[in-house]
Each structure stands twice: as C-alpha cells, then as structure tokens.
Amino acid sequence: LISRMLTRVINEGSTIVMKAINMNSAKMLKKAVGCAPRGKRALWMLNVQVGTQSISPLMWAIETGSLESAKAIIQDLLTIRADRDRYYYGMDIMFERHSDIVKRL
C-alpha cells in the first residue's frame, strides 16, 4: 500500500515542493516555494492534488522522516509576509488543514 502510494505521488503529484521534500533539502524547498504566486505559497506546502486525493506535503515530510523539509515548511508558514495590499501568514491555513499538527509532532 505504501509503495503504491509513493509511486502514485511521485508520478502524479510530482511538484517541485514534493521533489524537495523527497530530497529532504530545506534549500531546495525554499527555492521551490519561492516560485509560488502571492497568496498561494502556503497552499503549495499544504495541499497537492493527486487524482481524487489531496495530499499534504507537510504531513508527507513528517511521516517519511524528512524532518529538515518539515522544519523549513513550518518556519516558512509561520513567517509574516506583506505586499502593498495585505499581509500573509500561514498559521491559520496550517491549523485549518492540520488541526492535530502539534499532537503529530
């Protein structure tokens, strides 16, 4: 089951964020989410659509032991960013998607 899921994620959900997580590289992850449009950055780290299923790159990093990537995701989500129109802060989105994140860590 896990090998089928991993194969499916690699084939269908092969985003630059997921590739960085699979390499367990915080540097690659920062570069990958740096390409995200404003307002979508948090979604790139919290949601990947694979067929009909939704996979969270953050949970994937935690469950596969890519802790360097998981740390980089959490730090990025908890960073306050701004542009001329508004502020962006990923904490609310993170807890909406993963209300049990503290328990899992």
Side-chain angles (χ1 to χ4, degrees):
L1 178 65
I2 292 174
S3 65
R4 278 190 274 147
M5 189 169 99
L6 179 60
T7 302
R8 190 170 178 197
V9 165
I10 290 170
N11 290 337
E12 295 180 30
S14 189
T15 65
I16 53 177
V17 173
M18 291 301 288
K19 287 178 184 177
I21 290 169
N22 288 333
M23 296 294 291
N24 195 22
S25 170
K27 184 178 178 180
M28 284 179 64
L29 186 81
K30 289 176 187 177
K31 187 175 180 181
V33 296
C35 301
R38 283 193 186 114
K40 301 284 185 187
R41 188 178 182 110
L43 292 176
W44 279 30
M45 294 181 279
L46 294 173
N47 191 29
V48 170
Q49 195 69 30
V50 179
T52 59
Q53 293 185 334
S54 176
I55 295 172
S56 169
L58 173 58
M59 279 300 130
W60 183 266
I62 292 168
E63 290 171 2
T64 60
S66 299
L67 300 181
E68 186 178 327
S69 296
K71 179 183 175 184
I73 290 173
I74 292 170
Q75 286 177 337
D76 193 273
L77 288 170
L78 298 179
T79 300
I80 299 171
R81 291 184 173 75
D83 62 17
R84 292 180 188 174
D85 298 327
R86 61 179 279 199
Y87 291 98
Y88 300 94
Y89 187 53
M91 183 190 71
D92 293 335
I93 298 170
M94 182 177 69
F95 280 107
E96 278 178 26
R97 177 87 165 115
H98 303 294
S99 57
D100 62 339
I101 186 79
V102 175
K103 184 177 179 182
R104 286 185 180 224
L105 292 175

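Predicted model, so just to flag it, every value in this text is computed and none were measured.
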- prompt: In chain order, what residues pass the side chain to side chain contact (heavy atoms under 4.5 Å, CB included) check against Ile16, with sequence neighbours excluded?
  reply: Ala32, Cys35, Trp44
task: Mind checking side chain to side chain contact (heavy atoms under 4.5 Å, CB included) for Ala72 and listing every partner two or more places apart, or none if nothing turns up?
output: Ala26, Leu29
- request: Drop me the distance from Met91's CE to Ile80's CD1, to the nearest 0.5 angstrom.
  value: 9.0 Å
message: So, taking the atom named CH2 in Trp60 and the one named CG in Asn22, what distance separates them when rounded to the nearest 0.5 Å?
response: 7.0 Å
- prompt: What pairs of residues pass the salt bridge (Lys or Arg N to Asp or Glu O under 4.0 Å) test when at least one of them lies in residues 69-78, not counting sequence neighbours?
  reply: Arg41-Asp76, Asp76-Arg81
message: Applying salt bridge (Lys or Arg N to Asp or Glu O under 4.0 Å) as the test, list every pair that has at least one member in residues 93-105; sequence neighbours left out.
response: Glu63-Arg104, Asp100-Arg104
message: Going by the rule salt bridge (charged side-chain N to carboxylate O under 4.0 Å, His left out), which residues pair with Asp92 if we only count those two or more places apart in sequence or in a different chain?
response: none
task: Taking side-chain hydrogen bond (donor to acceptor under 3.5 Å, both in side chains) as the test, write out the residues that go with Ser25, two or more places apart.
output: none
field: Counterpart residues, side-chain hydrogen bond (donor to acceptor under 3.5 Å, both in side chains), relative to Asp85 (two or more places apart)
entry: none
query: So if you build clusters from Ile, Leu, Val, Met, Phe, Trp, Tyr with side-chain heavy-atom gaps below 4.5 Å, do Ile73 and Leu78 land together?
result: yes
task: Please answer: with hydrophobic residues joined when any side-chain heavy atoms are less than 4.5 Å apart, are Ile93 and Tyr88 in the same cluster?
output: no
query: When Ile, Leu, Val, Met, Phe, Trp and Tyr are grouped by side-chain heavy atoms lying under 4.5 Å apart, directly or through other members, which residues fall in the same group as Met23?
result: Met28
- prompt: Excluding sequence neighbours, so at least two apart, what forms side chain to side chain contact (heavy atoms under 4.5 Å, CB included) with Ile62?
  reply: Leu58, Met59, Ala70, Ile101, Leu105
field: Contacts of type side-chain hydrogen bond (donor to acceptor under 3.5 Å, both in side chains), residue Tyr89, not counting sequence neighbours
entry: none
message: Using the side-chain hydrogen bond (donor to acceptor under 3.5 Å, both in side chains) criterion, which residues pair with Arg86? Sequence neighbours excluded.
response: none
message: Let me confirm one number: the CG-OG distance from Asn24 to Ser69, rounded to the nearest 0.5 Å.
response: 4.5 Å
- prompt: To the nearest 0.5 Å, what is the distance between CZ (Phe95) and CG (Leu77)?
  reply: 10.0 Å
